[in-house]
Amino acid sequence: YLAEPAVLPPGWTTPAGSGEGTHWRLQPDETPVADARHLADIPAPYPALVTLGHDQDDAHYLVDLEYLGGLGLTGPPERTRAALAAIVVELATSSWADDVRLTVVGEFAGLEDVLASGRIRYLPTLGRAVEQLANRAERDRELLAACGLPDVRSARATGSAADTWIPEILAITGPLDAAQHRRLADLVPALAGTAHAVVVA
């Protein structure tokens, strides 16, 4: 399920009556897979892609956090915390990401000790994490503009400054005050299309 219509390469098909190029299906048993040695030389195109769930046909719902810039998980606290933990674990152990930096605020202090991924930094409180993320996103925007590119997805597709676009995801479980809520709400639109995103439970 794509946010915008697209034409995907052979192997992908559009189910009948599925709309204008936003719903695609891949039959892995019928699709040739590129040689692993060749794939190793290609930068990961969507390193911040995470699973949110499944539809009624057991197809995966995936979301690209870099595209969104922010994701808010709502519902009973025990469920939103579990969902956020699942997202962090998936990103920390993702084999389709060359590198990801995760800053986890509030809970899950021992997660990096358990996973030993080298990708997770823990903070007990938000502190200056939002401002640091905003500054990095602004640097991304400046570099994208200098390259004449609209977003980090285009930069990866063209191989521009390939070593620059390491995703940084800020995952927050701790309580936020009104000022922090406003700051995040203002920041999320500026993050969309950069290599940075916020996930809040």
Side-chain angles (χ1 to χ4, degrees), residues 1-4 22-23 44-97 99-137 140 151-153 165-201:
Y1 297 91
L2 304 181
E4 300 166 356
T22 58
H23 183 186
Y46 303 108
L49 196 68
V50 293
T51 309
L52 289 189
H54 301 84
D55 67 11
Q56 292 178 342
D57 298 322
D58 207 31
H60 289 79
Y61 271 108
L62 303 172
V63 65
D64 181 7
L65 295 176
E66 290 178 335
Y67 177 85
L68 294 179
L71 178 66
L73 305 172
T74 61
E78 64 278 5
R79 296 192 70 188
T80 58
R81 286 194 301 269
L84 187 139
I87 288 171
V88 170
V89 169
E90 183 172 355
L91 288 169
T93 59
S94 173
S95 59
W96 57 40
D99 197 7
V100 178
R101 295 178 187 144
L102 299 158
T103 300
V104 179
V105 178
E107 299 186 29
F108 314 123
L111 201 52
E112 175 57 26
D113 292 338
V114 173
L115 297 176
S117 67
R119 294 179 174 180
I120 300 175
R121 170 181 73 146
Y122 171 75
L123 297 176
T125 61
L126 199 54
R128 292 188 41 78
V130 173
E131 283 67 32
Q132 292 167 353
L133 196 67
N135 292 338
R136 292 185 185 109
D140 275 13
D151 53 36
V152 71
R153 180 173 49 176
W165 317 114
I166 297 174
E168 181 154 356
I169 312 299
L170 178 60
I172 305 170
T173 61
L176 300 175
D177 60 32
Q180 290 169 328
H181 270 288
R182 286 194 300 271
R183 181 69 182 101
L184 285 174
D186 291 342
L187 176 61
V188 166
L191 295 179
T194 71
H196 309 287
V198 175
V199 182
V200 181

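This is a predicted model, so every value here is computed, not measured.
Atom CZ of Arg183 sits about 10.5 Å away from atom CG of Leu126, to the nearest 0.5 Å. Atoms NE2 and CG, from His23 and Asp55 in turn, are 7.0 Å apart once rounded to the nearest 0.5 Å. Atoms CD1 and CG, from Ile120 and Leu115 in turn, are 5.0 Å apart once rounded to the nearest 0.5 Å. Here the CG-NE2 distance, from Leu176 to His181, works out to 4.5 Å after rounding to the nearest 0.5 Å.
The side-chain hydrogen bond (donor to acceptor under 3.5 Å, both in side chains) check on Asp113 picks up nothing, with sequence neighbours excluded. Legend: residues meeting salt bridge (charged side-chain N to carboxylate O under 4.0 Å, His left out) with Arg101, ordered by chain and number and at least two apart, are absent. Residues passing the side-chain contact (heavy atoms from CB on, under 4.5 Å) test with Asn135, sequence neighbours excluded: Arg139. For the side-chain contact (heavy atoms from CB on, under 4.5 Å) test, residues two or more places apart in sequence or in another chain that qualify with Asp151 are Arg153, Ser154. In this structure Arg182 satisfies the salt bridge (charged side-chain N to carboxylate O under 4.0 Å, His left out) test with no other residue, sequence neighbours excluded. Checked against ring pair (Phe, Tyr, Trp, His ring centres under 6.0 Å), Tyr122 has no partners two or more places apart in sequence or in another chain. Scored by the salt bridge (charged side-chain N to carboxylate O under 4.0 Å, His left out) test, Arg81 finds Glu107 as partners (sequence neighbours excluded). When the side-chain hydrogen bond (donor to acceptor under 3.5 Å, both in side chains) test is applied to Thr103, the partners found at least two apart in sequence or on another chain are Arg121. When the side-chain contact (heavy atoms from CB on, under 4.5 Å) test is applied to Ala83, the partners found at least two apart in sequence or on another chain are Leu73. Residues meeting the side-chain contact (heavy atoms from CB on, under 4.5 Å) test with Asp58, sequence neighbours left out: His54. Ser117 meets the side-chain hydrogen bond (donor to acceptor under 3.5 Å, both in side chains) test with Glu112; sequence neighbours excluded. Not a single salt bridge (charged side-chain N to carboxylate O under 4.0 Å, His left out) links Glu90 to another residue, sequence neighbours left out.
Looking at Phe108 and Thr173, their side chains come closer than 4.5 Å, going by heavy atoms from C-beta outward. A heavy-atom distance below 4.5 Å is not found between the side chains of Val130 and Gln180. With a 4.5 Å cut-off on side-chain heavy atoms, Leu52 and Ile87 count as touching.
The heavy-atom pair separating Thr194 from Glu66 by the smallest distance is O-CB, 3.4 Å. Smallest separation of non-hydrogen atoms from His196 and Ile166: CE1-O, 4.4 Å. Summarising the geometry of Ser94 relative to Ala97, their closest heavy-atom pair is OG-N, 3.5 Å, with the distance given to 0.1 Å. Residues Leu91 and Leu49 share a closest heavy-atom pair of CD2-O, 4.3 Å. Heavy-atom minimum distance, Val89 versus Thr93: O-OG1, 2.7 Å. Closest non-hydrogen pair, Leu191 versus Ala137, comes out as CD2-CB, 3.5 Å.
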Evaluate the criterion side-chain contact (heavy atoms from CB on, under 4.5 Å) for residue pair Ile172 and Leu184; output intermediate values, then yes/no.
CA-CA 11 Å; Ile172 305 170; Leu184 285 174; 3.9 Å; yes

